[in-house]
Amino acid sequence: MRHTISILVENDFGVLARISGMFSARGFNIENLSVNETLDATISRITLQTSGDDAVLGQIIKQLNKLVPVIQVSDMRDAAHVERELALIKVRADANTRNEVMTIADIFRAKIVDVSSESCIVEITGDDDKIGALVRLLEPLGIKEVARTGKAALFRGERLLTVTSGGRVKSKEQIV
């Protein structure tokens with residue numbers, strides 16, 4: 001089972017290395033990863049996806065919470081949330097196939113962000129299923145390269161995973 005986990009951490013040197021080291025040392029795999037500062041520049045949000053049963057997920061969360069720079073860990077599957085990822089796909093597109101690439105991109109509300117005589121780059125934002133479907137349709141045309149950002153995820157509605165301006169975690173009612 002896949003799990004999307006969001007982690008608030010102190011924005012310090014080496015924090016990402018410590019978290020990835022914890023995964024590596026315990027034999028857990030990080031399938032994708034996204035890191036950026038929050039509204040508070042001293043706090044970063046790490047969103048990662050991993051696989052495992054409930055026991056594995058419980059162990060991951062327990063181990064993450066033991067790390068000093070970790071402020072809060074949240075499994076996104078516990079509540080309604082929105083996940084998105086950006087993908088750039090360079091596909092073979094000569095004069096004969098360029099219109100087909102543009103038509104496929106348009107169906108997925110993707111954008112053509114670069115065109116050359118032999119290829120073009122398609123930009124798409126969406127969930128795994130949407131990106132996977134676009135890749136499958138473009139494969140017969142000849143995909144040359146793919147770059148993906150990793151997940152960004154937020155809870156729907158009023159639920160938050162954030163800290164107050166004073167650096168304290170929001171109340172459990174808002175986080176859980």
Side-chain angles (χ1 to χ4, degrees), residues 1-90 121-136 143-176:
M1 178 180 286
R2 278 189 162 166
H3 303 278
T4 301
I5 301 169
S6 280
I7 311 161
L8 293 181
V9 297
E10 296 171 11
N11 190 8
D12 291 330
F13 177 78
V15 171
L16 182 58
R18 291 178 71 187
I19 289 174
S20 63
M22 184 280 297
F23 272 78
S24 176
R26 286 159 183 79
F28 304 136
N29 187 39
I30 297 174
E31 295 174 6
N32 71 53
L33 176 73
S34 175
V35 183
N36 213 323
E37 288 180 354
T38 62
L39 292 173
D40 178 347
T42 66
I43 307 293
S44 287
R45 182 185 190 110
I46 298 173
T47 304
L48 61 85
Q49 191 171 51
T50 190
S51 291
D53 58 22
D54 288 341
V56 168
L57 178 66
Q59 190 66 23
I60 288 171
I61 291 172
K62 186 184 297 183
Q63 294 298 320
L64 285 170
N65 278 317
K66 288 181 181 179
L67 296 175
V68 171
V70 171
I71 298 167
Q72 181 71 30
V73 179
S74 187
D75 177 10
M76 301 300 283
R77 95 179 160 157
D78 289 341
H81 65 281
V82 175
E83 291 182 9
R84 293 292 182 269
E85 182 175 5
L86 171 78
L88 297 174
I89 306 163
K90 185 181 286 189
I121 297 175
V122 178
E123 173 189 306
I124 184 168
T125 304
D127 60 19
D128 284 333
D129 292 339
K130 182 178 180 182
I131 293 171
L134 176 61
V135 166
R136 284 189 296 281
I143 293 177
K144 294 182 168 193
E145 192 173 11
V146 176
R148 294 175 75 156
T149 60
K151 300 265 189 274
L154 291 176
F155 290 114
R156 290 185 182 272
E158 299 305 310
R159 184 171 173 182
L160 304 172
L161 177 62
T162 190
V163 294
T164 64
S165 60
R168 299 196 186 277
V169 175
K170 293 275 188 180
S171 70
K172 285 285 187 191
E173 295 77 38
Q174 291 175 306
I175 292 172
V176 181

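Since this is a predicted model, take the numbers as computed values, not measurements. The analysis underlying the following values was restricted to heavy atoms, covering all of them including side chains, and did not include hydrogens, waters or symmetry mates.
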**Report entry** K90, NZ: over 12 other non-hydrogen atoms inside 6.0 angstrom
**Finding:** no
Query raised in the report: Quick one: do D54 and R77 make a salt bridge, cutoff under 4.0 Å?
Result: yes
Query raised in the report: Hey, are K151 and D127 close enough for a salt bridge, meaning a charged N less than 4.0 Å from a carboxylate O?
Result: no
Query raised in the report: S74 and F155: side chain to side chain contact (heavy atoms under 4.5 Å, CB included), yes or no, with the steps?
Result: CA-CA 10 Å; S74 187; F155 290 114; 3.1 Å; yes
Query raised in the report: Can you list every salt bridge (charged side-chain N to carboxylate O under 4.0 Å, His left out) pair that touches residues 3-25, not counting sequence neighbours?
Result: none
Query - Interatomic spacing from CG in L86 to CD in E123 - rounded to 0.5 Å - result: 5.0 Å
**Report entry** NE2-CG distance between H81 and L154, expressed to the nearest 0.5 angstrom
**Finding:** 10.0 Å
Between [X] (side chain) and [Y] (backbone), is there a donor-acceptor pair under 3.5 Å?
| X | Y | value |
| --- | --- | --- |
| T42 | N11 | no |
| T149 | E85 | no |
| R45 | A153 | yes |
| H3 | G52 | yes |

Query raised in the report: What heavy-atom pair brings F23 and I60 nearest, and what distance separates the two atoms?
Result: CZ-CG2, 3.6 Å
Query raised in the report: Which heavy atom of I143 sits nearest a heavy atom of V135, and at what distance?
Result: CD1-O, 3.5 Å
Query raised in the report: Run the side chain to side chain contact (heavy atoms under 4.5 Å, CB included) check on I30 and T50 step by step: do they pass?
Result: CA-CA 5 Å; I30 297 174; T50 190; 5.8 Å; no
